[in-house]
S.K.: 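Quick one: this structure, given as structure tokens, is what I'll be asking you about.
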2 protein chains.
Amino acid sequence: MTQDATTGRMGRPARTSRDEILRAARIVIDRDGWQKLTIRALGKELGVGAATIYHHVRDREDLLIQLLVEHAGRSIDVSLPEEPEARILAAAVAIRDTLAALPWATEVLATDGFLARLGGRAVQMVEAIVATAIAAGASQEDAVALFRNIWYLTVGEIQVRARTDSRPEARDARASRFADLDAEATPALASIGEQWVAWAAHDTYADGVASIIAGTLRRSG
Amino acid sequence: MTQDATTGRMGRPARTSRDEILRAARIVIDRDGWQKLTIRALGKELGVGAATIYHHVRDREDLLIQLLVEHAGRSIDVSLPEEPEARILAAAVAIRDTLAALPWATEVLATDGFLARLGGRAVQMVEAIVATAIAAGASQEDAVALFRNIWYLTVGEIQVRARTDSRPEARDARASRFADLDAEATPALASIGEQWVAWAAHDTYADGVASIIAGTLRRSG
DNA sequence: ACCTGAACACCGTTCAAGT
DNA sequence: ACCTGAACACCGTTCAAGT
């Protein structure tokens, strides 16, 4: 565990370790962007063959998850307010903000047990959402449903924003599409016109989550 | 346009057309699954070189979008109830059901202007959501925010469900993860335990959308 | 105009062989 | 144990050349 590959003082020093792989992966991501993080590029960065990576991570997805565990498990802010709706909202926003800052997360995000795999504080946020909903009068099943709807909104928001941000050309194409709208068939959209693009840049995530929380708690209690 | 490649009666008959490409693409998807739909496989199916495909579609994404336009533009059910909240909900469910039935949609779904690109009835569903919200008292900006939050929930739900369904191994792994939960750190999750997996199979999409609608309209009017 | 083979520049993953 | 080169089985896309 404490073996240092740079000194290599054991009989058969490991030239690579899980920690070194994750460190190299972060270097590649920071320097070249996460899309460039391939097993082969990672091997090159470490000065080892691509095949070597497979002695330390199961596959590419495992690598990405491990990277996320390191980051998300630690960096989520855990101070949550007491009032139930505000508390659930704050937990959701913490999850969203953390994952949105890790753009390579989008690739592995869309799995139902994803946050459980991250462990650490990510799971504590899920616990906060579910436990608070139950304390506020929701059934266990409704609390799970609440979490899942929040999770769907979160995945969608992160995914759409990541895609939109990473291809600015689409922005102009989108604007012109709104200008072409037929005022007969789609009057509301036509009258909104190009304002859509500007409004779409606003962050409405918290509003969406707040609505889902209020809707669920109203039905339950 | 009406030229038939099988008779080839023009001087230089086209061996392939946009329609033939889309037809072949559907055959590959139905027979081998949408993951197998590559430009190369499509060329093989048509008996032409992969390079030929590029004379008729711009790239792989364009192919997928065109496939979706054909399908989603037509098959969305357009009979919507009159009552505002029910109307918006029905439009959202129509979009979700249509896209969820087209699993290859997940690959191109996460773009902000996506439904506009689909055109046809897909845009009419967006119009229905936005126009109904405005008629019910929402500002144009709130109506756009409402649509976007519904859209995020939709993208997330489709994406997560598609991923979960396509890898049943994850199901068992998930169940065992819940069994391992620490009753001290996460009492609510621990007491739910393996029931989570069963509850996660329930469709809570409509509840989520209904909450978002109610929340937005309550704030506005 | 339409189509071709060949090439470019990659992927993730496996595996027999070496040290 | 750990690491290697080489191979397997692919990708999307471009382009000079043919008909």
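Keep in mind it's a predicted model, so treat the numbers as computed, not measured. Proteins come first, then strands; the chains are lettered A, B, ... in the order of their sequence lines, and each starts at number 1.
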S.K.: Polar atoms only, N or O, under 3.5 Å: list the protein pairs with nucleotides 8-11 of chain D and their distances.
M.R.:
{"unit_1": "D/dC11", "atom_1": "OP1", "unit_2": "B/Thr38", "atom_2": "OG1", "d": "3.4"}

S.K.: Among D/dG12, D/dC3, C/dT14, find the nucleotide with the atom closest to the side chain of A/Tyr54.
M.R.: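 In terms of side-chain proximity for A/Tyr54, the closest of D/dG12, D/dC3, C/dT14 is C/dT14.
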
S.K.: Nearest-Å distance, CZ (B/Arg58) to P (D/dG12)?
M.R.: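 The distance from CZ of B/Arg58 to P of D/dG12 comes to 16 Å, rounded to the nearest Å.
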
S.K.: Could you pull out every donor-acceptor pair under 3.5 Å between side chains of residues 24-36 of chain B and any protein atom, sequence neighbours left out?
M.R.:
{"unit_1": "B/Arg26", "atom_1": "NH1", "unit_2": "B/Glu70", "atom_2": "OE1", "d": "3.4"}
{"unit_1": "B/Arg31", "atom_1": "NH1", "unit_2": "B/Glu45", "atom_2": "OE1", "d": "3.3"}
{"unit_1": "B/Arg31", "atom_1": "NH2", "unit_2": "B/Glu45", "atom_2": "OE1", "d": "2.8"}

S.K.: Figure out the CG/P separation between A/Leu42 and D/dC3, and round it to whole Å.
M.R.: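 Spelled out: CG on A/Leu42 to P on D/dC3 is 13 Å.
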
S.K.: I'd like the C1' distance from C/dC3 over to D/dC15, given in whole Å.
M.R.: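 13 Å, rounded to whole Å.
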
S.K.: OG of B/Ser17 to CG of B/Leu46: how many Å apart, nearest 0.5 Å?
M.R.: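 So the gap between those two atoms works out to 9.0 Å.
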
S.K.: For the backbone of A/Trp199 and the side chain of B/Arg148, can you confirm whether one donor and one acceptor N or O come within less than 3.5 Å of each other?
M.R.: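 Yes, B/Arg148 side chain to A/Trp199 backbone: donor-acceptor pair under 3.5 Å.
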
S.K.: Salt bridge check, B/Glu127 against B/Arg121: does any charged N sit closer than 4.0 Å to a carboxylate O?
M.R.: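 So B/Arg121 does not pair with B/Glu127 through a salt bridge.
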
S.K.: Taking atom C1' in both D/dA7 and C/dC10, compute the distance separating them and give it to the nearest angstrom.
M.R.: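 My reading of the C1' atoms in D/dA7 and C/dC10 gives 16 Å.
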
S.K.: About how many Å separate CZ of B/Arg60 and CD1 of B/Ile39, when rounded to the nearest 0.5 Å?
M.R.: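 With rounding to 0.5 Å, CD1 (B/Ile39) is 7.0 Å from CZ (B/Arg60).
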
S.K.: So, OP1 or OP2 of C/dT4: does either fall under 4.0 Å of a side-chain N or O from B/Thr52?
M.R.: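 Answer is yes, contact under 4.0 Å.
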
S.K.: Between B/Ile53 (CD1) and D/dT14 (P), how many Å, whole number?
M.R.: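 For the pair B/Ile53 CD1 and D/dT14 P, the rounded distance is 14 Å.
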
S.K.: When the distance from CG of A/Leu63 to C1' of C/dG12 is rounded to whole Å, what number comes out?
M.R.: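 The distance from CG of A/Leu63 to C1' of C/dG12 comes to 12 Å, rounded to the nearest Å.
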
S.K.: Separation of B/Glu20 atom CD from C/dC2 atom C1', in whole Å?
M.R.: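 Those two atoms, CD and C1', are 13 Å apart.
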
S.K.: Aromatic contact between B/Trp196 and A/Phe147, with the criterion being ring centroids under 6.0 Å apart: yes or no?
M.R.: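 Centroid distance B/Trp196-A/Phe147: below 6.0 Å, so yes.
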
S.K.: Identify all stems in which DNA chain D takes part, counting only runs of at least 3 consecutive pairs (Watson-Crick or G-U wobble, each distance under 3.5 Å), and give each as one range with another, ordered by first number.
M.R.: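 Only these stems qualify: C:4-8 with D:12-16, C:12-16 with D:4-8.
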
S.K.: Closest nucleotide of DNA chain C for A/Ala50 versus for B/Gly49: which of these residues is on the 5' side?
M.R.: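 The residue closer to the strand's 5' end, by nearest nucleotide, is B/Gly49.
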
S.K.: Can you name the side-chain contact (heavy atoms from CB on, under 4.5 Å) partners of A/Ala145, sequence neighbours left out?
M.R.: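 Expected list: B/Thr204.
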
S.K.: Quick one about A/Glu20 and A/His56 (side-chain donor to acceptor, distance below 3.5 Å, no hydrogens or angles considered), yes or no?
M.R.: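 No, no side-chain donor-acceptor contact under 3.5 Å.
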
S.K.: Between atom CG in A/Asp62 and atom P in C/dG12, what is the gap in whole Å?
M.R.: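 The distance from CG of A/Asp62 to P of C/dG12 comes to 14 Å, rounded to the nearest Å.
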
S.K.: Starting at NZ of B/Lys44 and ending at P of C/dG5, how long is that distance when rounded to a whole Å?
M.R.: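 Checked: the NZ to P distance equals 12 Å.
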
S.K.: Can you give each donor-acceptor pair under 3.5 Å made by side-chain atoms of residues 181-188 of chain B, sequence neighbours left out, with the distance rounded to 0.1 Å?
M.R.:
{"unit_1": "B/Asp182", "atom_1": "OD1", "unit_2": "B/Glu184", "atom_2": "N", "d": "2.9"}
{"unit_1": "B/Thr186", "atom_1": "OG1", "unit_2": "B/Asp182", "atom_2": "O", "d": "2.9"}

S.K.: Polar-atom pairs under 3.5 Å, protein N or O versus N or O of nucleotides 15-17 of chain D: list them with distances, or write none.
M.R.:
none

S.K.: Do B/Tyr205 and B/Thr154 meet the criterion of a side-chain donor-acceptor pair at a distance under 3.5 Å?
M.R.: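 Yes, because at least one side-chain N or O of B/Tyr205 sits under 3.5 Å from a partner of the opposite role on B/Thr154.
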
S.K.: Taking 4.0 angstrom as the limit, do A/Asp62 and A/Arg117 come out as a salt bridge?
M.R.: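 No.
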
S.K.: Calculate, to the nearest 0.5 Å, the distance between atoms CZ and CG belonging to A/Arg96 and A/Leu153 respectively.
M.R.: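 One finds 9.0 Å between CZ of A/Arg96 and CG of A/Leu153.
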
